[in-house]
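Counting starts at 1 for both ligands and their atoms, in listed order.
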Amino acid sequence: MEEVGVLVISYGSRETAIIDTFIRSENYRVEVYVADKQRNPFNVKNAAKHVVIPDLNIEDICKFVEANKNKIDFGIVGPEKPIVEGVRDLVEKKTGIPMICPTRESAIEKSKVQQRLLLQKIVPSTNPPFKVFNPRDYKSTSEARRAVYAWLDTHENRAVVKPDTPVAGKGVGVWGDHFADREQLFDHFLSSFQFGSVIIEEKVEGEESSFQAFCDGKHIVPLPDTRDYKRAFDDDKGPNTGGMGSYKDVGDVLPFLTRDDRAREEQIVNRVFEELKGRDTAGLKGVPLYVAFMHTADEPKILEINSRPGDPEIMNILPILKNDLVDVCFKIIEGNLNRVELEKAATVVTYKVPQDYGDYSGAFPDRVNKDEVTTPIDLTKAVGLSKEYRDKIRVYPASLELRGTEVFALKSRAVSVVGIGEDINVARQTSLRGLEAIKGGGLWNRTDVASKQHIDASKRHMTVLRRKP
Ligand code: GLY
């Protein structure tokens, strides 16, 4: 069997899933070299070499690659921070090892303003009404405040506040979720405005889908749609999170969308891809266009585009990929990936998280993860299930840390379980069964990810929206 060395830059479950897919290869003996945020128990166990780089800074990642240069054939990157900071450019320049992720120049999420302006030029219907506030255009804070309030007046306060860059200020804030009045909204706005431009855009009503596609720089290979669960609590209540779970139906189309909706998504993403390709062909490798769509009463709107796989959404795809992921990666590097095949199966991902995860606002002071440091997590039963039902269930540690022989939860999403089944309900039950087998650490999960009730509500919502004149 051919031996292949792969560098994986890892943040959470998304990368655990990538590593799992590599080591399950039937065509290659894959040795993984992992640059990790912490001692993730799955990664430590399965890596040929494992290094902890808590902030995933690209200089230290590059040193790790240089030290193992003769063993690594290519690298693949999950999290956005090293991508936006230019990990591909640096590693390829210093070592010649090909990296599967966009170049710094092609990382579309590095500027939300540029993203909106690009869409305005090529597919304006996908932009909600928006305005860019650039600090250079305002002489004082009170002048900026007047301009923001004037925008709110004309949009009935239905506002989403987004800093231009992913790291500036407090991040995305939504009227009704993060602030209840204009003062709060403006404080949030200022926290980013002091560093650079801020976009305010209209909050759009609809149902979300996540569109992902592999890309070799020349061709885009769309993957089936998935539905993410962003809010912390059941019934889509509570603060936004990185994603509490996600589902995928047996085919490409989500149950509340139509084939036409899906075709329109593909058309839009192709249009964006063609525009970007014209600027920097080879730069777009990996999953350069993860697009969060909102399906509304009229055209689908784009909430955001990222240049990396979705977490949890890529976990709905990898466990049912029929192709060998190593071959897919070689094709991406060579620029000749034309298609991939998936099993005809539904998948449901559900995360277990610490008690206080998602409580950014301090609005739920009783949700404190007191057990975090003191109670270890026991994954034995869940991992046992994944071995017994090899094709049906996967357990993917995320923000878990191996200390000695014990595993503890840190602050973020702790561990996810993917259920695979002949329909969404079977996949969901399997995912929940895996979660129940994880003990300790005061972890909890949403109970309504991919539930019939939730999916029916999405269907009804789309029916009502489609009826609107
Ligand atoms: N689940 C949302 C994201 O990956 O951005």
Side-chain angles (χ1 to χ4, degrees), residues 8-18 37 56 76-84 101-102 107-112 115 160 162-163 165-167 170-174 177 204 206-215 222-233 236 238-248 254 265 269 272 286-295 300-319 347-353 357-358 360 396 398-399 412-418 431 445-446 448-450 454 458:
V8 180
I9 300 176
S10 178
Y11 183 89
S13 272
R14 168 181 50 200
E15 293 77 26
T16 319
I18 292 172
K37 201 166 65 72
L56 294 177
I76 187 164
V77 191
E80 66 205 1
K81 181 174 169 280
I83 299 176
V84 171
C101 70
I108 193 165
E109 75 257 63
K110 70 177 182 288
S111 167
K112 288 201 162 60
Q115 210 176 102
V160 180
K162 293 183 171 177
T165 62
V167 285
K170 285 189 189 152
V172 175
V174 182
D177 296 342
V204 281
E207 291 291 323
E208 279 186 53
S209 64
S210 303
F211 184 101
Q212 303 175 92
F214 287 140
C215 180
L223 300 167
D225 270 351
T226 57
R227 167 62 177 249
D228 187 19
Y229 283 67
K230 288 220 166 55
R231 300 298 198 91
F233 311 134
D236 297 321
N240 273 337
T241 68
M244 298 293 290
S246 54
Y247 68 84
K248 171 202 162 296
L254 288 165
E265 287 183 350
V269 177
V272 175
V287 182
L289 297 173
Y290 156 100
V291 184
F293 279 105
M294 181 70 94
H295 294 268
K301 304 292 176 201
I302 291 180
L303 300 178
E304 61 177 356
I305 310 181
N306 292 300
S307 53
R308 40 93 185 153
D311 184 350
E313 293 97 320
I314 202 66
M315 290 184 273
N316 291 101
I317 307 295
L318 292 176
T347 55
V348 173
V349 184
T350 321
Y351 261 111
K352 272 206 172 206
V353 302
Y357 175 67
Y360 306 127
Y396 289 144
S399 190
S412 197
R413 291 175 291 182
V415 51
S416 68
V417 177
V418 188
S431 172
N445 56 276
R446 269 184 77 158
D448 64 346
V449 173
H454 196 282
S458 297

query: Any N or O on Arg14 sitting closer than 3.5 Å to an N or O of ligand 1?
result: no
Enumerated ligand 1 atoms positioned under 4.0 Å from heavy atoms of Gly310: 4 (O)
message: Under 4.0 Å between a side-chain nitrogen and a carboxylate oxygen: does that hold for Lys230 and Glu208?
response: yes
message: Just to confirm my output: which protein heavy-atom neighbour is closest to atom 3 (C) of ligand 1, and how far is it?
response: Tyr290 OH, 3.3 Å
- prompt: What atoms of ligand 1 come closer than 4.0 angstrom to any heavy atom of Glu313?
  reply: 1 (N), 2 (C), 4 (O)
message: Using heavy atoms and a 4.0 Å limit, tell me yes or no: is Pro309 in contact with ligand 1?
response: no
- line: Among non-hydrogen protein atoms, atom 5 (O) of ligand 1 lies closest to Arg308 NH2, 2.9 Å
Phe211 atom CZ, over 12 foreign heavy atoms within 6.0 Å: yes
- prompt: Can you check whether Asp311 has an N/O within less than 3.5 Å of an N/O in ligand 1?
  reply: yes
query: Rounded to the nearest 0.5 Å, how far apart are CG of Asn316 and CZ of Arg227?
result: 12.5 Å
message: When you measure from the centre of the six-membered ring of Tyr357, is the NZ or CZ of Arg413 closer than 6.0 Å and no more than 45° off the axis?
response: no
message: Within the 3.5 Å criterion, strictly below it, is a donor on Glu313 or Ser246 matched to an acceptor on the partner's side chain?
response: no
query: For ligand 1, which atoms, with element, lie under 4.0 Å from some heavy atom of Gly242?
result: 1 (N), 2 (C)
- prompt: By side chain to side chain donor-acceptor pair (under 3.5 Å), which residues pair with Thr226, not counting sequence neighbours?
  reply: none
- prompt: What atoms of ligand 1 come within less than 4.0 Å of a heavy atom belonging to Asp228?
  reply: 1 (N), 2 (C)
- prompt: Counting each atom of ligand 1 from 1 as listed, which ones have a heavy atom of Pro312 under 4.0 Å away?
  reply: 1 (N)
